[in-house]
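Written out below as structure tokens is the structure these notes cover.
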Amino acid sequence: MRWIGEVDSRFMMNFFRRWLLKRPEDAFQLRVLRALARIFPSRKFVASVDPDVIEGDGTTYGIYNLRAAAGASVLGDSQFVELVRSHFSPVEESILPTSDADWDTVKSALKPQLCPEGFLRKMPLAHRPLGAGLVIGVVLDGEKAYRYTTPQDLQAWDVAFDDLFVYATENLNEASAGNTPMHYVPGPDRLVAIQTQDGFDAARILVPEFRSFIGSKLGSPFLCAVPNRDFLLCWSHDNSENFLTLTRERIKEDFA
């Protein structure tokens, strides 16, 4: 794992200050959905619980880069529709493996994902309960999109979920090692913050090698929070009560 920037306590102050800022994420997500309804009227896209994600036909599409492309510009409806079209057209053309794909082809594309329990009411999902309102899923990861694996996939590939999960965590560890920028505050209130926006920030806590690495910096046991898919916060178990109070409030706000 590449370790980026041991910084002083000013980073922590600025970090929490930025966390407080309200962003118009939900409004942007809704505008994208309206544009997609015009571009692809025969398809159904829905808002994810993550405002930087849109779901359709069992596939998850990130719109973080789309938001960045739109920037602070005031785009008219026709301009915005064309921007959304250019972002989603390559995704529509991409082909992710299906249940019919050969297992040797599929296993290299697997990665773990943390999901709200509510996903189980929306789609068939191969999963393992984690607790605290979360389940562990596994996705087939492509360049522009990913899709969740299903019980039908497990049956077609003749694999158990535990085996699927092992391959998924190994793949994420291999993709992350030496290539994961992190922010580290050495103390007295030690924390590690990870927000690469690659879709798997929260899921990294599932990787044994990653947990060992964080433990080497924060001590073991350490605590962590995953208020959304694209953010992971870890801190030492002996951090101050003031830190814990501030952190709990920010996590609740971010999750809400």
Side-chain angles (χ1 to χ4, degrees), residues 4 14-98 109 111 113-116 118-119 121-123 125 137 139-148 175-176 179-181 183 193-204 226-233 250 253-256:
I4 298 297
N14 292 331
F15 173 75
F16 284 118
R17 188 177 295 116
R18 288 195 300 271
W19 202 354
L20 275 171
L21 297 177
K22 302 298 182 183
R23 296 173 294 177
E25 293 178 331
D26 294 337
F28 184 83
Q29 185 187 52
L30 179 59
R31 193 180 185 194
V32 173
L33 286 171
R34 289 171 175 166
L36 288 171
R38 292 173 58 181
I39 299 167
F40 305 108
S42 63
R43 294 201 54 185
K44 182 179 180 181
F45 294 90
V46 298
S48 168
V49 293
D50 183 339
D52 275 329
V53 172
I54 284 176
E55 299 170 6
D57 298 336
T59 300
T60 300
Y61 304 96
I63 59 172
Y64 178 83
N65 292 338
L66 178 60
R67 188 193 309 281
S73 304
V74 179
L75 300 178
D77 285 345
S78 60
Q79 293 175 302
F80 189 77
V81 166
E82 289 309 308
L83 184 64
V84 173
R85 187 192 304 275
S86 66
H87 181 80
F88 275 83
S89 290
V91 173
E92 289 299 295
E93 296 166 3
S94 67
I95 300 175
L96 291 169
T98 66
K111 286 182 181 174
Q113 188 60 279
L114 291 177
C115 318
F119 277 20
R121 297 189 295 271
K122 298 179 180 180
M123 67 181 85
L125 183 66
V139 301
L140 285 163
D141 186 33
E143 182 179 355
K144 295 288 186 178
Y146 61 69
R147 79 167 179 87
Y148 291 93
S176 300
N179 193 35
T180 302
H183 296 290
I194 302 168
Q195 193 169 34
T196 68
Q197 299 286 348
D198 67 353
F200 300 97
D201 287 322
R204 282 181 169 84
V226 287
N228 63 69
R229 185 199 66 174
D230 289 310
F231 185 53
L232 174 63
L233 183 67
R250 299 299 175 265
E253 292 176 11
D254 196 338
F255 175 72

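Both backbone and side-chain heavy atoms feed into the values below; hydrogens, waters and symmetry mates do not.
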Gap separating the CG atom of Leu114 from the CZ atom of Phe200, nearest 0.5 angstrom: 11.0 Å
Any donor-acceptor pair under 3.5 Å from Asp201 side chain to Leu232 backbone: no
Residues Arg31, Asp77; criterion side chain to side chain contact (heavy atoms under 4.5 Å, CB included); working and verdict: CA-CA 9 Å; Arg31 193 180 185 194; Asp77 285 345; 3.5 Å; yes
Gln29 side chain to Val53 backbone, donor-acceptor under 3.5 Å: yes
Rounded distance (nearest 0.5 Å) linking atom CZ of Arg204 with atom CD1 of Ile194: 7.0 Å
Exam field: side chain Asp230 to backbone Gly199, donor-acceptor pair closer than 3.5 Å: yes
Nearest heavy atoms of Arg67 and Pro51, plus distance in Å: NH2-O, 3.3 Å
Beyond-backbone contact of Val32 with Phe88, side-chain heavy atoms, under 4.5 angstrom: yes
Distance-minimising heavy-atom pair for Ala202 and Phe231: CB-O, 4.0 Å
Phe80-Phe28 aromatic ring centre distance below 6.0 Å: yes
Approximate separation, where rounding is to 0.5 Å, of Arg38 CZ and Leu33 CG: 14.0 Å
Flag side-chain contact, heavy atom, 4.5 Å: Leu233 against Arg250: no
Centroid-centroid distance, Tyr148 to Phe119, less than 6.0 Å: yes
Distance (rounded to the nearest 0.5 Å) between Leu66 CG and Ile54 CD1: 8.0 Å
Side chain to side chain contact (heavy atoms under 4.5 Å, CB included) involving Asn65 - partner list, sequence neighbours excluded: His87
Flag side-chain contact, heavy atom, 4.5 Å: Arg229 against Gln113: yes
Between NZ on residue Lys111 and CG on residue Leu140, distance to nearest 0.5 Å: 11.5 Å
